2 protein chains.
Amino acid sequence: MATRIDSANPVFSLETLKVACSTCGLRELCLPLGLSAAEIKRVDAIVRRRRKVRKTETLYHAGMTCRSLYAVRVGFLKTRDPESSGSCRIFGFHMAGELLGLDGIAGGVHTCEAIALEDSEVCEVTFEDLEVLGRELPALQKRFHQILSREIQRDHQIMRVLGCKTAEQRLAVFLLDLSERYESRGYSPASFHLRMSREEIGSYLGLQLETVSRLFSNFRKRGLIEVERRHLILTDRPALQRIANDSDLE
Amino acid sequence: MATRIDSANPVFSLETLKVACSTCGLRELCLPLGLSAAEIKRVDAIVRRRRKVRKTETLYHAGMTCRSLYAVRVGFLKTRDPESSGSCRIFGFHMAGELLGLDGIAGGVHTCEAIALEDSEVCEVTFEDLEVLGRELPALQKRFHQILSREIQRDHQIMRVLGCKTAEQRLAVFLLDLSERYESRGYSPASFHLRMSREEIGSYLGLQLETVSRLFSNFRKRGLIEVERRHLILTDRPALQRIANDSDLE
DNA sequence: ATCCAAACTTGATATGGATCAATATTCACT
DNA sequence: AGTGAATATTGATCCATATCAAGTTTGGAT
C-alpha cells in the first residue's frame, strides 16, 4: 500500500535514460509512433516522471485535477466509472503502450478512475508540455490527434457490442480483442492470462458475472477455448471470430 | 436529391462573409469557443466551404477518405455504423455547433456514415489546416483537444447507459440529453420536435422500436411527457431526472 | 382527393440473461 | 498449515425486453 517507491525519487539521469522513449520497446505503439529518432529525443524531455502503481492501487481518482496523461509502460490497469456505485461500470482495460486520461482534457478533471490490476508503471506527460512540443513537432501533434481519434473509434466498437450483440458475441469479441492486443505486443495471441475477474469482464461487457462464467464453460465445452481459472487458451480463433461477427449479418 | 446548390458555388466573398465564424451565432458552442475576435478571424480563413445536405442525403460514407471535419451549422444529422446491416447501430445525433468526423482522423478514412435527418448545412475544415493553424494559435489547438476529449466523455456516457441502465432509464437519459442540448442552443428545454424515428431512437439506445413506443406511451400515462407523434413536451423533468439516475443507486 | 408505404401503437407470447441460491476453489494472511 | 474472504462455478427460477402479429395513423407522390 506504500507509494514511496524508487521512481518517485527526484534523481533522474541514468535511471531516466534507461527508460527514455528512445530506448523503450513500446515506441512503436505508444506516443512516439512514427516520429524520427531526433523527435523522440524531444519527447523524452517532456516525460515528467515514471510512476509505479501497485496492484489494486489507484493511479487517479475521478474528480482529481487532470493536467497529464499517462502512458502505460508495464502492467495492466482498468478505468471505471465512479458514479455507478453498484456494478461500477468498467470503461476499459489498458495495457502497455496505451494512454490513460484522455477524457480529462476537456474539463481539466478526471471523469473516471484508473486502478492497477497488476503492478504497473506509467509515464506521465502534461497536456501543456504535449501541446507546446506539438506546435514544434507537427508529427507529434498529428500522432496525438490520432490517438484521441483512435480512442473514439474504440468507444464506438464498445457501443456496437453493448448495443446489439448477444452475451456470447460480446465475450467472443472481448477475447479476440485481448488476443490481438497481446499479439501486437509480441505475446502469444492464443494463450494468455486474464488480469481481471469474471465480474470485471461482466461489468465491461454489460453482463453479470454468472453469465460470463457460464459462457466460459460453454465455450470450453464447444472446444473453442481452454480455461483454467484465469489462464486462457484460444483453441479455435476462427470459430470465435465467426461467433463475434456472425449474427449481425443474418 | 440534387447536390448542385448555391453554397457549392465557388464564388465566395459576400456570401462567405455572411456565414463566417465571426458572425456565426454558434461561435460559443462550436470550434471558436474561447477564442479572441482576432483568432476567430484566422479560423474563418480555414473554413473551406459550406455544404448543404438535404434530408436523407449522406454527408459522408464509411470508407471515404477523411481529410476534414464538419461542423453542423444548421440542421440535424445522425451518424451510424455501416457494418451492422440489420439494425444499423446509430452512434449519435448531431445538432448545430457539433463536430462530425472526429473518428476519421486516426485512419484517414471515415468509419461511420453521416446522414441528414433534416435539411442541414455544415462547415468543412481540413485537419491539415486545423493542425497548421493550431500551431500558431494555442487557444485553437487547446479547443480542438477539448472537443476530442469531450467526445470521449460523451461516448463514456453512452457506454454507461447501454451497459447498465434499463429501457426506461435509457429513454429518460436520452430525452434529458436532447433537452439540455436544445436549451444550450437557446431553444426550449421542455418542448421540442424529435427529428428521428422510434426505430432510430431504439437503435441509439440499444432497444427495439416497439419498446421505445411503449415507453413513450407509458411516460405519457404517468404524466412525465406529452407526446404527439414527434412533438414532445417534457412536463415533469425532475421526475425524468429521477428515473434517469435512480436505480443505479439502489 | 386518393393511394401507398412508412411510421407508429398496442397486444400476445417467447426467451436470453438476470437474479437468487448453494457449493467449490483459491488466495492472502496469521 | 490453517482460516476466512474473495472468486468462481453451476443450478433453478423469474422478468425485462425481444419478437411476432395486427391494426392505425400519417405524409408524400400521383
Side-chain angles (χ1 to χ4, degrees), chain A residues 1 54-57 78 84 86-90 115 117-119 161-172 174 193-221 225-232 243 246-248 250, chain B residues 1 54-56 78 84 86-90 115 117-119 161-172 193-221 225-232 243 246-248 250:
Chain A
M1 292 157 201
R54 305 254 174 216
K55 189 168 175 173
T56 75
E57 280 183 359
K78 67 177 174 184
S84 45
S87 55
C88 266
R89 255 214 81 56
I90 288 188
I115 295 164
L117 291 179
E118 60 179 36
D119 291 356
V161 166
L162 293 176
C164 41
K165 301 261 183 184
T166 66
E168 182 173 293
Q169 292 180 302
R170 292 183 202 194
L171 190 63
F174 174 70
H193 189 79
L194 294 170
R195 268 74 176 183
M196 69 298 282
S197 69
R198 306 292 193 252
E199 185 173 23
E200 287 164 332
I201 296 173
S203 163
Y204 178 66
L205 295 177
L207 301 170
Q208 286 310 110
L209 68 100
E210 294 95 328
T211 305
V212 174
S213 180
R214 270 185 248 275
L215 284 169
F216 273 124
S217 304
N218 178 268
F219 280 5
R220 187 184 27 193
K221 277 175 202 143
I225 62 172
E226 280 172 42
V227 55
E228 169 79 39
R229 201 131 180 105
R230 294 197 181 180
H231 190 76
L232 201 70
I243 292 173
D246 233 28
S247 332
D248 60 7
E250 63 176 6
Chain B
M1 293 162 201
R54 305 254 175 215
K55 188 170 176 172
T56 75
K78 66 176 175 186
S84 46
S87 55
C88 266
R89 255 216 82 55
I90 287 186
I115 296 163
L117 291 177
E118 59 179 36
D119 291 354
V161 167
L162 293 176
C164 40
K165 300 261 184 184
T166 65
E168 182 173 293
Q169 292 181 301
R170 294 183 201 193
L171 189 64
H193 189 80
L194 295 170
R195 267 73 174 184
M196 71 297 283
S197 69
R198 306 292 193 252
E199 185 174 23
E200 286 163 333
I201 296 173
S203 162
Y204 178 66
L205 295 176
L207 301 170
Q208 288 308 113
L209 69 100
E210 293 95 328
T211 304
V212 174
S213 180
R214 270 183 249 273
L215 283 169
F216 273 123
S217 304
N218 178 268
F219 281 4
R220 186 182 28 191
K221 276 174 202 144
I225 63 173
E226 280 172 42
V227 54
E228 168 81 38
R229 200 133 178 102
R230 296 197 180 180
H231 190 77
L232 201 69
I243 291 173
D246 235 27
S247 332
D248 60 8
E250 64 176 4

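Worth saying up front: this structure is predicted, and the values here are computed from it rather than measured. In what follows, chains are A, B, ... by sequence order, proteins preceding strands, each numbered from 1.
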Shorter than 3.5 Å, N or O on both sides, protein versus nucleotides 20-23 of chain C: list them out with atom names.
unit_1 : atom_1 : unit_2   : atom_2 : d
C:dC20 : N4     : A:Glu210 : OE2    : 3.2

(message) Could you walk me through whether A:Val161 and A:Gln169 satisfy the side chain to side chain contact (heavy atoms under 4.5 Å, CB included) test, starting with their C-alpha distance in whole Å, then the side-chain angles of each, then the deciding distance to 0.1 Å, before giving a yes or no?
(response) CA-CA 8 Å; A:Val161 166; A:Gln169 292 180 302; over 6 Å; no
(request) Measure the distance from CZ on B:Arg230 to P on C:dT9 and round it to the nearest whole Å. (result) 10 Å
(request) Mind calculating the distance between CD1 (A:Ile201) and C1' (D:dT9) to the nearest angstrom? (result) 14 Å
(request) Calculate, to the nearest 0.5 Å, the distance between atoms CG and OG belonging to B:Asn218 and B:Ser213 respectively. (result) 11.0 Å
(message) Tell me which one of B:Lys221, B:Arg198, B:Arg229 satisfies side-chain contact (heavy atoms from CB on, under 4.5 Å) with B:Phe216.
(response) B:Arg198
(message) Between C1' on D:dT9 and CD on A:Glu228, what's the gap in Å once rounded to a whole number?
(response) 13 Å
Atom pairs under 3.5 Å: protein N/O with N/O of nucleotides 15-17 of chain C:
unit_1 : atom_1 : unit_2   : atom_2 : d
C:dG17 : OP1    : A:Ala167 : N      : 2.7

(request) Ignoring the backbone of B:Arg229, work out which of C:dC8, D:dT10, C:dT9 is nearest its side chain. (result) C:dC8
(request) Pick base, sugar-phosphate or nothing for B:Ser213, based on heavy-atom distances below 4.0 Å to the nucleic acid. (result) base
(request) Measure the distance from NZ on B:Lys55 to C1' on C:dA7 and round it to the nearest whole Å. (result) 12 Å
(message) For a 4.5 angstrom cut-off between non-hydrogen side-chain atoms, does A:Leu117 reach A:Glu200?
(response) yes
(request) Could you tell me whether the side chain of A:Glu57 reaches within less than 4.5 Å of the side chain of A:Asp119, counting heavy atoms only? (result) no
(request) Report the distance from atom CZ of A:Arg54 to atom CD of A:Glu118, rounding to the nearest 0.5 Å. (result) 12.5 Å
(request) Calculate, to the nearest 0.5 Å, the distance between atoms CE and OG belonging to B:Met196 and B:Ser203 respectively. (result) 11.0 Å
(request) Please tell me if the side chains of A:Leu171 and A:Ile243 come closer than 4.5 Å, counting only heavy atoms from C-beta onward. (result) no
(message) Is any side-chain heavy atom of B:Val227 closer than 4.5 Å to one of B:Leu194?
(response) no
(message) Check this one for me: any side-chain N or O of B:Arg198 less than 4.0 Å away from OP1 or OP2 of C:dT9?
(response) yes
(request) Figure out the CG/C1' separation between B:Asn218 and D:dT17, and round it to whole Å. (result) 13 Å
(request) Quickly work out the B:Leu232 CG to C:dA7 C1' distance and round it to whole Å. (result) 16 Å
(request) Grab the CZ-C1' distance between B:Phe216 and C:dA7 for me, whole Å please. (result) 13 Å
(request) Supply the atom-to-atom distance A:Arg89 CZ to B:Lys165 NZ, rounded to the nearest 0.5 angstrom. (result) 11.5 Å
(message) With rounding to the nearest 0.5 angstrom, report the CZ to CG distance, A:Arg220 to A:Leu215.
(response) 12.0 Å
(message) Can you give me the dot-bracket string for DNA chain D, 5' to 3', counting Watson-Crick and G-U wobble pairs with both distances under 3.5 Å, using [ ] for crossing pairs and | for partners on another strand?
(response) ||||||||||||||||||||||||||||||
(message) So, does A:Ser197 get its side chain near the phosphate of D:dA6, meaning an N or O under 4.0 Å from OP1 or OP2?
(response) no
(message) Measuring from the side chain of B:Leu209 (C-beta onward, heavy atoms only), which nucleotide among C:dT9, D:dT10, C:dT10 has the closest atom?
(response) C:dT9
(request) Rounded to the nearest 0.5 Å, what's the gap from CZ on B:Arg230 to CD1 on B:Ile201? Could you check? (result) 8.0 Å
(request) Take atom CZ of B:Arg195 and atom C1' of C:dA7, then tell me their distance rounded to the nearest Å. (result) 18 Å
